[in-house]
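Below is one structure, written out as structure tokens; comments come after it.
Naming: A, B, ... by sequence-line order, numbering from 1 per chain. All heavy atoms count here, side chains included; hydrogens, waters and symmetry mates do not.
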There are 2 protein chains.
Amino acid sequence: MQKEHNLSKNQKIIFDLIDKSGGPMKAYSILFNVQKKGIKAPLQVYRALDKLVEIGKIHKIESRNAFIACQNSSCQISKATAFSICESCENVSEISNSKLSKYLSNFSDNSGMKYSKYNLEFFGLCKKCKSK
Amino acid sequence: MQKEHNLSKNQKIIFDLIDKSGGPMKAYSILFNVQKKGIKAPLQVYRALDKLVEIGKIHKIESRNAFIACQNSSCQISKATAFSICESCENVSEISNSKLSKYLSNFSDNSGMKYSKYNLEFFGLCKKCKSK
DNA sequence: AACGTTATGTAATAATATAACATTTATAAG
DNA sequence: CTTATAAATGTTATATTATTACATAACGTT
Ligand SMILES: [Zn+2]
Ligand SMILES: [Zn+2]
Ligand SMILES: [Zn+2]
Ligand SMILES: [Zn+2]
């Protein structure tokens with residue numbers, strides 16, 4: 001059971017846009033798309049993005065400076081994320097693999113660090129791009 | 001056995017700086033530090049960084065937009081990187097764990113993607129920061 | 001020497017993200 | 001319902017990160 005988050009007006013507009021896009025979106029592309037809805041400044045976008053990331057509705061793809069809607073209904077925690085990224089078409093999808101997440105969540109080494117979060121990005125060629 | 005790369009003048013200046021710093025450095029901080037050596041423009045820095053990343057002498061910490069010297073003599077390939085990042089003091093170190101790298105290099109799922117590269121970033125508190 | 005490749009120099013600009021400050025709206029006590 | 005508090009918004013300016021475009025120089029090979 002996940003905590004309900006009532007999104008604010010801007011948060012909802014921006015989440016809906018990213019979610020409907022079905023893929024990663026960049027902040028200024030989001031900005032461009034929501035200007036007709038009254039969101040005019042970068043900061044308005046970044047604030048909504050920050051909050052959406054915090055509550056796990058979206059994730060940031062760090063290597064791409066882009067944001068994607070969480071595709072894994074159980075991951076509202078956003079403390080353990082894994083993505084697969086096609087280096088040719090830039091298609092991104094969230095990996096939901098319980099063995100992988102278990103392995104990484106339990107990972108520890110002798111550094112004395114306590115890990116509370118991770119982000120993993122796999123790169124390669126997707127099915128489509130491989131066969132070209 | 002790794003391929004020898006003869007670094008060019010700018011590449012050497014910039015690699016030596018990052019390497020000696022012992023931690024992650026940001027591009028414009030590098031620029032500031034090498035201006036006395038005649039490297040005056042961002043592009044000169046970014047070109048050297050690109051090359052150094054390509055040949056595996058440094059890695060980019062994507063979540064921090066920073067660059068760190070490879071701490072793992074065997075990883076001149078740069079296709080499989082893992083880091084631990086302290087969210088308090090921002091200390092970063094490269095994780096060298098053969099079980100982990102084996103597990104991730106062999107990872108595959110049913111998406112049809114062929115993974116050729118990955119980057120993993122763990123976050124938490126380092127020993128020092130934990131005990132504060 | 002001639003050629004192709006890699007690296008450099010320089011200026012301008014694009015793309016990504018935050019600081020600072022004023023105001024408004026939502027939530028929860030009292 | 002009023003007051004207090006936290007969360008969200010609006011707006012302007014600015015900081016930070018990264019690339020485009022074009023000209024020149026150095027390097028490695030034949
Ligand atoms: Zn998710
Ligand atoms: Zn693809
Ligand atoms: Zn390395
Ligand atoms: Zn620390």
Check the distance between [N]'s [atom2] and [X]'s [atom1] and give it to me in whole angstrom.
X     : N      : atom1 : atom2 : result
B:I61 : D:dT17 : CD1   : P     : 14 Å
B:Q44 : C:dA7  : CD    : C1'   : 10 Å
B:R64 : D:dT16 : CZ    : P     : 17 Å
B:L31 : C:dT10 : CG    : P     : 13 Å
B:K40 : C:dA11 : NZ    : P     : 8 Å
B:F32 : D:dT16 : CZ    : P     : 13 Å
B:I30 : D:dA18 : CD1   : C1'   : 13 Å
B:L7  : D:dC27 : CG    : P     : 14 Å

### Message
Restricting to non-hydrogen atoms, name the atom on B:D19 and the atom on B:A69 that form the minimum distance, rounded to 0.1 Å.
### Response
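Nearest pair, atom of B:D19 first, then B:A69: OD1-CB, 3.5 Å.
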
### Task
Pick base, sugar-phosphate or nothing for A:K60, based on heavy-atom distances below 4.0 Å to the nucleic acid.
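Sugar-phosphate, backbone atoms only, no base.
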
[options]: which one has an atom nearest the side-chain heavy atoms of [X]?
X     : options                : value
B:R47 : D:dT19, D:dT11, D:dC22 : D:dC22
A:S8  : D:dA8, C:dC21, C:dA7   : D:dA8
B:L43 : D:dA21, C:dA17, C:dT8  : D:dA21
B:K26 : D:dT9, D:dT16, C:dT10  : D:dT16
B:A27 : C:dT16, D:dA8, D:dA18  : D:dA18
A:Y46 : D:dT11, D:dC22, C:dT18 : C:dT18

### Message
Between the base of C:dA17 and the side chain of A:Y28, is one N or O donor paired with an acceptor at under 3.5 angstrom?
### Response
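Present.
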
[N], OP1 or OP2 - any side-chain N/O from [X] closer than 4.0 Å?
X     : N      : answer
B:N65 : D:dA18 : yes
A:K51 : D:dA7  : no
B:N6  : C:dT6  : no

### Query
Are B:E87 and A:K117 within salt-bridge range, i.e. N to O under 4.0 Å?
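Judged by the 4.0 Å cut-off on N to carboxylate O distance, B:E87 and A:K117 do form a salt bridge.
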
### Query
Using the benzene-type ring in the case of Trp, are the ring centres of A:F123 and B:Y118 under 6.0 Å apart?
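No, the ring of A:F123 stays outside the 6.0 Å limit from the ring of B:Y118, centre to centre.
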
### Message
Using modelled atom types and a 3.5 Å cut-off, is there a donor and acceptor pairing between side-chain atoms of A:S29 and backbone atoms of A:M25?
### Response
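No; zero donor-acceptor contacts below 3.5 Å.
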
### Message
What I want to check is whether the side chains of A:S63 and B:E62 have a donor and an acceptor closer together than 3.5 Å.
### Response
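Checked: A:S63/B:E62 side chains show no N/O donor-acceptor pair below 3.5 Å.
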
### Query
With nearest nucleotides of DNA chain C determined for A:P42 and B:A41 from heavy-atom distances, which residue corresponds to the more 5′ nucleotide?
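Looking at the nearest nucleotide for each, B:A41 comes out on the 5' side.
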
